[in-house]
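Each ligand, and each atom within it, is numbered from 1 in the order the structure gives.
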Amino acid sequence: MIAVEIADPGRTRELRRSVLRPERSPGDPLPGDDLDDAVHLAAVVDGVVLSTCFVFPEPCPWRPADLPAWHLRQMATAAEARGRGLGGAVLDAALGVARERGGRLLWCNVREPAVEFYRRHGLRPHGEIFTDEGHRIPHLRMWAELGT
Ligand SMILES: CC(C)(COP(=O)(O)OP(=O)(O)OC[C@H]1O[C@@H](n2cnc3c(N)ncnc32)[C@H](O)[C@@H]1OP(=O)(O)O)[C@@H](O)C(=O)NCCC(=O)NCCS
């Protein structure tokens with residue numbers, strides 16, 4: 001059983017930076033730093049954060065009337081810890097947090113290599129692969145309805 005906890009953003013920050021924004025230096029700003037209402041999840045093994053993501057309330061761009069909606073960002077597992085179910089446990093916990101806090105829908109922009117990972121956890125695609133002008137990594141919009 002993988003334990004996932006709600007964590008201070010500062011505790012998960014270096015993992016998020018090193019996996020998702022390695023071109024930035026420790027301490028550089030990261031997207032989401034300014035969010036007061038984000039809930040950060042962490043899978044912690046022997047005191048070390050090995051997988052993380054955060055969720056926060058934000059309307060879904062392609063289903064704006066489905067409120068409340070929650071946006072998931074910066075899903076990352078340490079390279080040496082992948083394929084052990086840690087990311088899946090963090091993603092399931094994030095879905096649970098959004099649901100428990102009244103969310104009807106969870107959405108995210110997924111990096112193409114991770115699409116199957118999200119699909120296995122119940123998210124479905126919206127539209128086609130697109131490439132973000134900012135960092136040029138192909139992404140797919142994905143979402144899930146959150147049952148009560
Ligand atoms: C995507 C990512 C977060 C997944 O994290 P993870 O901890 O490896 O996730 P899991 O171990 O739960 O699942 C990963 C794969 O391992 C497999 N797996 C899960 N549990 C397993 C276990 N106990 N033993 C062996 N394999 C397992 C799953 O089938 C899954 O395969 P899939 O990717 O084809 O769906 C991780 O690969 C990562 O950080 N990638 C780089 C950053 C990134 O792309 N983030 C997503 C941004 S949208």
Side-chain angles (χ1 to χ4, degrees), residues 1-35 37-63 66 69-101 103 105-147:
M1 173 82 182
I2 296 163
V4 178
E5 53 192 78
I6 292 177
D8 185 277
R11 201 161 163 227
T12 67
R13 195 173 197 289
E14 180 52 20
L15 179 60
R16 292 183 282 121
R17 183 204 64 79
S18 61
V19 171
L20 297 165
R21 298 286 192 283
E23 71 284 3
R24 302 194 187 185
S25 301
D28 281 357
L30 287 182
D33 279 351
D34 54 336
L35 293 169
D37 49 2
V39 180
H40 290 251
L41 288 315
V44 184
V45 179
D46 296 331
V48 179
V49 177
L50 291 180
S51 185
T52 187
C53 74
F54 65 83
V55 286
F56 59 101
E58 186 173 48
C60 176
W62 59 92
R63 296 182 71 93
D66 276 353
W70 285 64
H71 186 178
L72 181 146
R73 291 197 73 174
Q74 291 180 20
M75 175 85 226
T77 298
E80 69 278 10
R82 289 180 194 159
R84 287 163 38 186
L86 294 168
V90 166
L91 176 54
D92 287 343
L95 287 160
V97 162
R99 186 182 298 112
E100 283 159 17
R101 296 183 189 213
L105 177 155
L106 181 137
W107 65 278
C108 47
N109 294 326
V110 167
R111 292 185 179 192
E112 192 175 13
V115 165
E116 286 310 309
F117 165 76
Y118 287 92
R119 205 190 292 271
R120 283 181 201 163
H121 289 269
L123 279 82
R124 64 179 106 153
H126 172 83
E128 305 296 327
I129 297 280
F130 66 97
T131 300
D132 184 297
E133 283 302 311
H135 42 86
R136 302 201 169 278
I137 297 171
H139 279 74
L140 184 63
R141 299 175 182 88
M142 297 188 79
W143 66 290
E145 280 166 311
L146 303 173

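Closest to atom 31 (O) of ligand 1, if we only count protein heavy atoms, is Arg120 NH1, 3.0 Å. Considering only non-hydrogen protein atoms, atom 2 (C) of ligand 1 sits nearest to Thr77 OG1, 4.3 Å. For atom 9 (O) of ligand 1, the closest non-hydrogen atom of the protein is Phe117 CE1, 3.4 Å. Looking only at heavy atoms of the protein, atom 44 (O) of ligand 1 is closest to Arg111 CD, 3.8 Å. Protein heavy atom closest to atom 42 (C) of ligand 1, with residue, atom name and distance, is Val19 CG1, 3.5 Å.
Not counting sequence neighbours, Arg73 has no partner by the side chain to side chain donor-acceptor pair (under 3.5 Å) test.
The distance criterion of under 3.5 Å between nitrogen or oxygen atoms is not met by Leu20 with respect to ligand 1.
For ligand 1, the atoms sitting less than 4.0 Å from at least one non-hydrogen atom of Gly85 are 10 (P), 11 (O), 12 (O), 19 (C), 20 (N), 21 (C), numbered in the order shown with element in parentheses. Close contacts of ligand 1 with Gly88, meaning ligand atoms under 4.0 Å from a residue heavy atom, involve 9 (O), 10 (P), 12 (O). Atoms of ligand 1 found under 4.0 Å from any heavy atom of Ala76, numbered from 1 in the order shown, are 39 (O).
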Enumerate donor-acceptor pairs with a distance under 3.5 Å from any side-chain N or O in residues 122-130 to protein atoms, sequence neighbours excluded.
| unit_1 | atom_1 | unit_2 | atom_2 | d |
| --- | --- | --- | --- | --- |
| Arg124 | NH2 | Glu145 | OE1 | 3.0 |

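Here the side chains of Ser51 and Arg84 are not in contact, with every heavy-atom distance at 4.5 Å or above.
For Leu91, no heavy-atom contact with ligand 1 is shorter than 4.0 Å. Using a 4.0 Å cut-off between heavy atoms, Arg84 contacts ligand 1 through its backbone alone, with no side-chain atom that close.
With rounding to the nearest 0.5 Å, the separation of CG in Asp28 from CD in Glu23 is 9.0 Å. The OG1 atom of Thr12 lies 8.0 Å from the CZ atom of Phe54; values are rounded to the nearest 0.5 Å. To the nearest 0.5 Å, the span separating CG on Leu140 from CG on Asn109 amounts to 8.5 Å.
Shortest non-hydrogen contact noted between Leu105 and Trp143 is CD1-CE3, 3.8 Å. Closest approach of Ala69 and Cys60 over heavy atoms only: CB-N, 3.8 Å. Contact between Val55 and Val97 at its shortest, heavy atoms only, is CG2-CG1, 4.1 Å.
Checking Arg82, Glu116, Met75 against atom 37 (O) of ligand 1, the nearest heavy atom belongs to Arg82. Selection from Pro113, Cys108, Gly83 by nearest heavy atom to atom 22 (C) of ligand 1 gives Gly83.
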